[in-house]
Amino acid sequence: MNAPGSPVMDEVADQARRAADSAGRAVQDVLDDPRLRERLPGGSLPLLGSGLVAAAVVVPVLPFVGGGLGLPWAALMLVGAGMLGAREWVAAGRKLPDALVPAVKWAAHPAFPPMFTALTVTQAFLSLGFGVASLLWVLAAVVLGFVQWRAFQASPLAEPSLTRRPADVRLKRWVFAGVAACAVGLLLPWSSAWSLVPTAHLQRERTITLDDNFAWDIEDQHTWKFNTLVLPAGQGAGTGRGRLGATGVVLGLLALGVLGAVRRAREALPSAVPVVLAGLITVWGMTGLSSKPGPWLFLLGILAVDVAVAREWLGPRSAVPPTEPPASA
């Protein structure tokens, strides 16, 4: 295995960086195009993103269109899109009914846009596939992610006032590599494309005993019998995306990526948060181990993240303070 900082790893990282820069410039050219902005109220890209989210939720209701969310998540994303859209509508100088004014105030909280963007990116990843709904989710994630990237660059978190340490570069590379491996692992097969639902019922067993005089004795015994009802799985069937808790895991991986890349974000939270988060995701991955390739690649990726965040967490603890020189006589 190539050690961090080796020429091979540096070359791979440079190629990935150049590819990301090219994709970012292409997205920026499209979203900053004046012809697009002049068609939006107030030139608001968040308003466009909220509309794409609403469309992605509603379109699967139409016949012959798949890719719909479950009712709780569909309702949550639709309400969030409405709140963001209402906020941007008012910011563009438009009027709203008085009943919707509280929604604008809630959406004005600084934490709302990044949280809603994270949920949108998560749903876009979980809905990846071929279809109209999947395309709408990806477009919504790109638009809202671009807006949040711009907001991050203008925030104090992006100020290059902190000294860049070699440990920060190593942590970022290993966390990014591990999260990328986990993402690919979630797209690969984990289990059968059918969900197994255990059921149970109470069954009576009757025993009849006859003697020589043709008299009989009846004895009833009641026992529980278990069987398995096989049903088609839903979204992400057969892959890690279809497992229970996949939404929280993807959100956790996004959080680990941000914490690995932004030192100020790490310092704003208790140092044990990344360790606990990575540990919970590791447990989730281990409970899904099978003969399929998906869980093993996921486990390899999250173990790389575990090692990186554990070294970062133990670094300050293992640091030995400099000893004071002995006092001269």
Side-chain angles (χ1 to χ4, degrees), residues 20 49 52-53 56-57 60 67-77 80-81 111-129 131 133-146 148-149 174-191 233-262 265 269 273-289 292-306 308-309:
L52 289 170
V53 170
V57 174
L69 303 180
L71 183 58
W73 279 111
L76 177 63
M77 297 306 296
F112 177 79
M115 289 179 60
F116 184 70
T117 300
L119 286 174
T120 302
V121 173
T122 298
Q123 296 301 343
F125 177 79
L126 296 176
S127 302
L128 278 179
S134 177
L135 177 61
L136 290 172
W137 278 116
V138 171
L139 291 176
V142 169
V143 172
L144 294 178
F146 175 78
Q148 286 308 303
W149 174 250
W174 279 85
V175 169
F176 273 28
V179 169
C182 290
V184 176
L186 288 172
L187 297 173
L188 295 178
W190 281 54
S191 61
Q235 179 180 340
T239 68
R241 295 178 297 162
R243 292 192 64 213
L244 181 65
T247 303
V249 168
V250 176
L251 284 171
L253 291 174
L254 285 175
L256 286 172
V258 172
L259 292 174
V262 184
L269 297 174
V273 169
V275 178
V276 173
L277 187 57
L280 292 175
I281 296 176
T282 304
V283 172
W284 182 87
M286 294 181 67
T287 58
L289 288 179
K292 303 293 183 179
W296 293 102
L297 181 58
F298 181 92
L299 187 61
L300 180 64
I302 195 59
L303 287 178
V305 177
D306 289 337
V309 298

So which heavy atom on [X] is nearest to which on [Y], and how close?
X	Y	result
Ala304	Gly178	CB-CA, 4.4 Å
Val53	Ala140	CG2-CB, 3.7 Å
Gly240	Ala246	O-CB, 3.6 Å
Val309	Ala278	CG2-CB, 4.1 Å
Cys182	Gly301	SG-C, 3.7 Å
Ala74	Val57	O-CG1, 3.7 Å

Could you tell me the separation between the [atom1] atom of [X] and the [atom2] atom of [Y], rounded to the nearest 0.5 Å?
X	Y	atom1	atom2	answer
Ser127	Leu135	OG	CG	12.0 Å
Asp306	Trp174	CG	CH2	12.0 Å
Thr282	Leu277	OG1	CG	9.5 Å
Phe298	Thr239	CZ	OG1	12.0 Å
Thr120	Leu52	OG1	CG	10.0 Å
Ser134	Leu139	OG	CG	9.5 Å

Margin query: For Leu269, I'd like to know if atom CG has over 12 heavy atoms of other residues, nucleotides or ligands within 6.0 Å.
Written below: yes

Check: Checking Trp137 side chain against Thr122 main chain: does a donor-acceptor pair fall under 3.5 Å?
Finding: no

Check: Does Thr117 use its side chain to pair, donor to acceptor, with the backbone of Gly145 at less than 3.5 Å?
Finding: no

Item checked: CA sep, side-chain torsions, deciding dist, call: Trp284, Ile302, side chain to side chain contact (heavy atoms under 4.5 Å, CB included) -> CA-CA 10 Å; Trp284 182 87; Ile302 195 59; over 6 Å; no

Do [X] and [Y] come within less than 4.5 Å of each other through their side chains, counting heavy atoms only?
X	Y	answer
Phe146	Val143	no
Ile281	Val305	no
Met286	Leu299	yes
Val121	Leu144	no

Check: Does Trp190 have Arg243 sitting over its ring (NZ/CZ under 6.0 Å from centre, angle to axis within 45°)?
Finding: no

Item checked: Leu186 and Leu126: CA distance, side-chain angles, deciding distance, side chain to side chain contact (heavy atoms under 4.5 Å, CB included) verdict -> CA-CA 9 Å; Leu186 288 172; Leu126 296 176; over 6 Å; no

